[in-house]
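Here's the structure we're looking at; comments come further down.
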Amino acid sequence: MLDIQLLRNDLDGVAQRLAARGYTLDTTEFQRLEAERKQLQTRTQELQAKRNASSKQIGMAKAKGEDVSAIMAEVANLGTELKSAESALEALQAPLNTLLMTIPNLPHESVPAGKSDTDNVEVSRFGTPRVFDFEVKDHVDVGETLKLLDFATATKISSARFSLMKGGLARLHRALAQFMLDTHTTQHGYTEVYVPYLVNADSMRGTGQFPKFAEDQFGIERDGLYLIPTAEVPLTNMVRDEIVAQDSLPLKFVAHTPCFRREAGSYGRDTRGMIRQHQFDKVELVQLVEPEQSYAALEALTGHAEAILQALGLPYRKMALCGGDMGFSAAKTYDLEVWLPAQNTYREISSCSNFEAFQTRRMQARFRGEKGKPELLHSVNGSGLAVGRTLVAILENYQQADGSVTIPAVLWPYMGGVQAL
RNA sequence: GGAGAGGUGGCAGAGUGGUCGAAUGCGCCGGACUCGAAAUCCGGUAUGGCGGUUUCCGUCAUCGUGGGUUCAAAUCCCACCCUCUCCGCCA
């Protein structure tokens with residue numbers, strides 16, 4: 001959510017910056033709603049003040065045993081007038097709020113211009129894609145040949161876009177998550193957190209999934225709970241409605257969770273394999289920092305995700321997303337894209353973003369600084385990494401001519417010494 | 001799932017219709033005393049919105065959440081949520 005003051009004071013400037021990410025702000029509608037709101041709110045509050053004063057008088061008069069019928073008569077009509085003013089204000093505030101909640105974040109000045117992923121800018125590159133002297137298989141063929149990956153059974157048990165892993169592959173999947181968690185907690189200073197996988201609507205609103213992306217979420221209607229699409233939701237909402245002490249900052253949390261997404265609107269995309277699933281595991285990094293620190297934190301956090309790819313020896317590139325390709329809540333995003341030989345291309349494996357105060361304003365997540373007044377925190381997060389896609393990358397990049405897959409050395413301790421599948 | 005108790009400021013805790021955004025204590029901030037500190041004393045100390053003559057003033061809202069009754073609700077009524085205790089069940 002943007003600062004409504006900013007919209008009031010510099011509407012055209014905001015509209016211009018939003019245009020950079022391909023969003024057209026209806027300034028006329030906003031101004032109309034705002035003008036009406038101001039008029040209605042002033043009117044309502046005047047009536048409330050009048051009522052409060054009269055009620056107070058009645059109270060004082062009664063205490064002294066005086067006759068109150070004169071004042072009572074005076075306030076008699078106030079009630080209906082006030083009620084209609086209040087309901088009119090409420091009726092107006094709903095669309096204004098919805099509008100406000102559905103306006104995306106302003107892109108940072110360093111964000112490249114552009115409309116789609118083809119306009120993203122490569123920032124850096126690590127590793128060299130391996131040259132194969134045999135025909136590479138994709139991860140589905142690698143895994144199914146080894147009899148360790150079974151989509152047919154997953155579909156029977158559940159439905160499409162679910163997967164089932166067995167034996168060494170299931171263990172490798174677990175090993176990857178363990179390795180990531182250990183690295184972030186021991187090397188990068190994150191606190192490991194175990195979180196609920198079902199969260200309430202307030203939490204979904206806090207991080208920006210609601211109201212705009214409600215149809216992308218799995219929900220349990222009768223309980224009003226929703227499956228998390230990422231651990232970002234529970235981790236960031238830890239500070240919702242909190243005022244944290246400045247000396248506790250920065251807060252750095254890491255969690256390994258399953259993530260659930262409907263993938264609405266992605267019909268036909270990545271239907272084969274584990275790339276796009278309704279359920280996948282992810283290790284998520286979240287930082288809550290002072291505003292001046294958030295861009296440094298974004299750089300650091302992206303580096304923490306890169307460290308995993310480097311340790312696993314997976315070639316990747318770091319992309320600065322252009323305005324048109326960024327997510328709704330982000331002010332700036334780096335995507336890390338891992339090399340997938342079977343697709344002969346780089347695919348997203350981590351997305352690291354600075355949200356500035358966009359999420360924390362919705363959540364009222366603040367800290368008390370030198371000014372004495374509570375100030376909004378900035379939130380930064382990123383995948384460190386998507387476990388399923390990391391597994392895909394290992395199966396494809398480390399496949400051998402005989403159909404086996406060698407395992408990167410850093411994972412051996414987590415594999416009980418097993419060095420190949 | 002059954003029975004009971006309860007949700008009030010940073011924390012503890014009073015308040016059962018009227019100058020109550022809310023006593024008191026703790027904590028925190030400032031000051032006095034002191035060579036300094038402790039103790040003591042004095043003062044201050046919620047958040048959000050709106051308006052303005054914008055280091056301040058005015059006003060509105062907020063006592064778990066949402067409705068209702070009333071001129072007036074922390075207080076009364078209804079629904080829901082949550083916490084605690086006991087019983088049952090359970091990984």
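For clarity, every value in this text was computed on a predicted model and none was experimentally measured.
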Check the distance between C50(B)'s C1' and Lys38(A)'s NZ and give it to me in whole angstrom. 9 Å

What is the distance from atom CZ of Arg171(A) to atom CG of Leu411(A), rounded to the nearest 0.5 Å? 11.0 Å

Is it true that Lys332(A) and Ser110(A) share a donor-acceptor pair across their side chains at a distance under 3.5 Å? yes

Which value, in whole Å, describes the distance between the P atoms of nucleotides C81(B) and C26(B)? 40 Å

Within this structure, what is the CG-to-P distance between Leu47(A) and A72(B), rounded to whole angstrom? 13 Å

Whole-Å distance separating the CG atom of Leu7(A) from the C1' atom of C50(B): 17 Å

Is it the case that the side chains of Tyr295(A) and Glu356(A) hold a donor-acceptor pair, with the cut-off being a distance below 3.5 Å and no angle test? yes

U47(B) and G43(B), which share atom name C1', separated by this distance in whole Å: 23 Å

For Arg366(A), which contact category applies under a 4.0 Å heavy-atom criterion: base, sugar-phosphate, or nothing? sugar-phosphate

Leu82(A) vs Thr42(A), nearer the 5' end of RNA chain B by closest nucleotide: Thr42(A)

Rounded to whole angstroms, how far apart are NZ on Lys83(A) and C1' on C71(B)? 11 Å

Below 30° counts as parallel, above 60° as perpendicular, anything between as tilted: where do the rings of His184(A) and His188(A) land? tilted

Leu376(A) CG to G48(B) C1': how many Å, rounded? 12 Å

Taking the C1' atom in each of C41(B) and C56(B), what is the distance between them to the nearest angstrom? 30 Å

Base, sugar-phosphate or nothing for Arg361(A)? Non-hydrogen atoms, less than 4.0 Å. nothing

Please report the shortest heavy-atom distance between Leu18(A) and Ile103(A), naming the atom on each side. CD1-CG2, 3.6 Å

Could you check Val405(A), Leu391(A), Ile394(A) and say which one makes a side chain to side chain contact (heavy atoms under 4.5 Å, CB included) with Leu169(A)? Leu391(A)

Of the listed nucleotides G18(B), G48(B), C50(B), the one nearest the side chain of Pro374(A): G48(B)

Please confirm whether the shortest side-chain N or O distance from Gln5(A) to OP1 or OP2 of C50(B) is below 4.0 Å. yes

Quick one: are the ring centres of Phe328(A) and Phe358(A) less than 6.0 Å apart? yes

What integer number of Å spans the C1' atoms of A14(B) and A74(B)? 12 Å

Can you find a side chain N or O atom of Lys56(A) that sits less than 4.0 Å from OP1 or OP2 on A72(B)? no

Atom pairs, protein N/O to nucleotides 7-13 of chain B N/O, distance under 3.5 Å:
none

Which pairs of donor and acceptor atoms, one on a side chain in residues 54-61 of chain A, lie under 3.5 Å apart (sequence neighbours left out)?
{"from": "Ser54(A)", "atom 1": "OG", "to": "Lys50(A)", "atom 2": "O", "distance (Å)": "3.0"}
{"from": "Ser55(A)", "atom 1": "OG", "to": "Arg51(A)", "atom 2": "O", "distance (Å)": "3.0"}

Rounded to whole angstroms, how far apart are CZ on Arg37(A) and C1' on C50(B)? 7 Å

Atom-to-atom span, CG of Leu40(A) to P of G51(B) - whole angstrom: 13 Å

Send over the distance from Met60(A) CE to U19(B) P, rounded to a whole Å. 10 Å

Among G67(B), C71(B), C50(B), the one nearest any side-chain atom of Gln41(A) is C50(B)

Nearest-Å distance once atom P is located in both G31(B) and A12(B): 30 Å

Identify, with sequence neighbours excluded, every residue that meets side-chain contact (heavy atoms from CB on, under 4.5 Å) alongside Gln343(A). Ile275(A), Leu340(A), Thr345(A), Arg347(A)

Using atom C1' of each nucleotide, how far apart are U70(B) and G18(B) to the nearest Å? 12 Å

Dot-bracket summary - RNA chain B, pairs being Watson-Crick or G-U whose distances fall under 3.5 Å, with | when paired to another strand: ((((((((.[[[..)..(.....]]]((((((.......))))))(((((((...))))))).[[[[[..)....]]]]])))))))....

Give me the atom names and distance for the closest heavy-atom approach of Asp281(A) to Pro258(A). OD1-CA, 3.6 Å

C1' atoms of A72(B) and G21(B), separation to the nearest Å: 16 Å

Pairwise C1' distance for G68(B) and U75(B), with rounding to whole Å: 15 Å

Can Ser379(A) and Gln359(A) be counted as having a side-chain donor-acceptor contact under 3.5 angstrom? yes

Considering only distance and modelled atom types, tabulate donor-acceptor pairs under 3.5 Å from the side chains of residues 144-151 of chain A, sequence neighbours left out.
{"from": "Thr145(A)", "atom 1": "OG1", "to": "Asp141(A)", "atom 2": "O", "distance (Å)": "2.5"}
{"from": "Asp150(A)", "atom 1": "OD1", "to": "Ala152(A)", "atom 2": "N", "distance (Å)": "3.2"}
{"from": "Asp150(A)", "atom 1": "OD1", "to": "Thr153(A)", "atom 2": "N", "distance (Å)": "2.9"}
{"from": "Asp150(A)", "atom 1": "OD1", "to": "Thr153(A)", "atom 2": "OG1", "distance (Å)": "3.1"}
{"from": "Asp150(A)", "atom 1": "OD2", "to": "Thr153(A)", "atom 2": "OG1", "distance (Å)": "2.5"}

Polar side chain donor-acceptor pair, Ser329(A) to Asn105(A), under 3.5 angstrom: no

I'd like a table of atom pairs between the protein and nucleotides 55-62 of chain B - only N or O on both sides, under 3.5 Å - with the distance next to each one.
{"from": "C60(B)", "atom 1": "OP1", "to": "Asn52(A)", "atom 2": "ND2", "distance (Å)": "3.2"}
{"from": "C60(B)", "atom 1": "O3'", "to": "Gln48(A)", "atom 2": "OE1", "distance (Å)": "3.3"}
{"from": "C60(B)", "atom 1": "O2'", "to": "Gln48(A)", "atom 2": "OE1", "distance (Å)": "2.9"}
{"from": "A61(B)", "atom 1": "OP1", "to": "Arg51(A)", "atom 2": "NH2", "distance (Å)": "3.0"}
{"from": "A61(B)", "atom 1": "OP2", "to": "Asn52(A)", "atom 2": "ND2", "distance (Å)": "3.3"}

